[in-house]
Amino acid sequence: MEIQGIQISELAIKYDTPFYVYNLNRMKENVSEIKRAFGADKGRCKIFYAMKANSHPVLLNIIKKFDIGIDAVSPLEVKVALNAGIAPDEILYTGNYESTEDLEYVFNNGVKINLDSTSSLDKLLQIGIPEMISFRINPGQGAGKYDHITTGGEKAKFGIPIEKALQAYERAQNAGVKKFGIHTFLGSGILDEDHFQEVVELLAEEAGEIRSKLGIKFDFFDIGGGFGINYHKENKKFDINTCAEKVYGKFDELMRKYDLGDPQLYIEPGRYIVGDTGYLVTEVTSIKDSFKKYVGINAGFNILIRPALYGAEHSIEVDGKEKMKKSEKVDICGQICENTDIFTRDRELPHIEENDLLIFKQAGAYANVMSMPYNMRMRTAEVGILDGEDKLITRAENLDDFYNRILVNEM
Ligand SMILES: Cc1ncc(COP(=O)(O)O)c(C=O)c1O
């Protein structure tokens, strides 16, 4: 397999497996595509890249060049975005269950604030009165590819229940806040283009009520992220143009219907921008002929947790055997001492031998950022490829990194 003419097998010799590799030109194409679809250059829509998907500074620098903003979830995400040269008013902070210190940090740095609860509003108003405030509304229903990534509805920990939203805006208004946004995000990994216009509908209804009861005019209308990509065996390409057309169809109709004026549409894609740019390159370390064939690789859920966390399935290629017949069904597992460390079960693949390279595709989002050194299996290196040139952008973690944080060896 190759990326931009560079053989993965050559990279594996140069960088040692396991490692993540990102096709950065692909990322640029994704950003251009979503900007075009939503008319971001014409100012109709403002895009905020959800950096939680992948916060590598190299990626943030690409984002900056495309003149789009950042959706950040924590003070340190805000800091990393600022360090990358993103302007404070290009950063939208949406935290959850944050402390007063967290809010102090984001307030003092002048970023846009979107609050997930009324208790955060109380904390924030103790710190100061922001010029603008937005609330994340939970309309009582969710979506999302897996239960774990469904972020709306009664079982979700996110957002302000719709029936309490009015009071939240009223309190902020009484405290002297002058400008407002409204936000919701119902779930991630969605391949149904219709979903997003339904989100507009849910939010517009609520915004309409707030507008009529409190006279608030919204500066922006944020429908969150959630735009899906194809993983294993999903052949339905999510059509971002159709999605945008449907969103604007509803948006224009409902802004008129509820007398909401002309707010800017905000979207916060994460996965759509980086998901298909990343690959995890691993090596087969051991094959066990047990009740079935277990293929062991030199990475585990400590490196790519999505399968263990959500039951997610990634496409997997056996390097150099892409065209060979899928002649066996195997379970692929990692080296972590947990029985959840299984990437896939009964996957049909070409005959696999030790030292083969196994490449996990769609590993650009919610992948390396979730890694950890459990079992003292350290985090991997990351490689970027831009315009046909590969570069090590993060070195692998090592034992010194572990000991550097240890202050006391014996007590
Ligand atoms: C508030 C918010 N916005 C945007 C996103 C990005 O979602 P996605 O990667 O599905 O586009 C997330 C993901 O958790 C989120 O919590």
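Just so you know, these numbers come straight off a predicted model, no measurement behind them. One-based numbering, in listed order, for ligands and for the atoms of each.
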Short side-chain donor-acceptor distance under 3.5 Å, [Y] and [X]:
X      : Y      : answer
Ser188 : Arg271 : yes
Asn61  : Lys64  : yes
Gln4   : Asn23  : yes
Asn114 : Asp222 : no

### Task
Compare Ala53, Gly228, Ala50, Gly275 and give the one whose heavy atom is closest to atom 5 (C) of ligand 1.
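Among Ala53, Gly228, Ala50, Gly275, the closest heavy atom to atom 5 (C) of ligand 1 comes from Ala50.
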
### Query
Who gets closest to atom 9 (O) of ligand 1 by heavy atom: Tyr366, Tyr266, Tyr272?
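Considering heavy atoms of Tyr366, Tyr266, Tyr272, the nearest to atom 9 (O) of ligand 1 sits in Tyr366.
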
### Task
Examine Arg306 relative to Tyr231 and say whether NZ or CZ is less than 6.0 Å from the centre of the six-membered ring and inside a 45° cone about the ring axis.
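The answer is yes; both the distance and angle limits are met.
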
### Task
Determine, for Phe38 and Arg44, whether the Lys NZ or Arg CZ falls below 6.0 Å from the six-membered ring centre while staying within 45 degrees of the axis.
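The answer is no, since Arg44 fails at least one limit relative to Phe38.
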
### Query
Can you tell me the protein heavy atom closest to atom 10 (O) of ligand 1 and the distance?
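Ranking protein heavy atoms by distance from atom 10 (O) of ligand 1, first comes Ser188 OG, 2.4 Å.
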
### Message
I need the nearest protein heavy-atom contact for atom 14 (O) of ligand 1: residue, atom name and distance, please.
### Response
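Answer for atom 14 (O) of ligand 1: Lys52 CD, 3.5 Å.
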
### Exam field: side chain Glu193 to backbone Ile240, donor-acceptor pair closer than 3.5 Å
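Absent.
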
Which of the numbered atoms in ligand 1 are below 4.0 angstrom from a heavy atom of [X]?
X      : value
Glu268 : 1 (C), 2 (C), 3 (N), 4 (C), 5 (C), 6 (C), 11 (O)
Gly270 : 8 (P), 9 (O), 11 (O)
Arg136 : 1 (C)

State if [X] counts as touching ligand 1 under the rule of any non-hydrogen atom under 4.0 Å.
X      : result
Phe185 : yes
Gly226 : yes
Phe48  : no
Pro269 : yes

#### Entry: Pair Phe196 and Phe251, ring centroids less than 6.0 Å apart
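No - the distance between ring centres of Phe196 and Phe251 does not fall below the 6.0 Å cut-off.
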
#### Entry: Arg271 N/O to ligand 1 N/O under 3.5 Å
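Yes, there is a polar N/O contact under 3.5 Å.
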
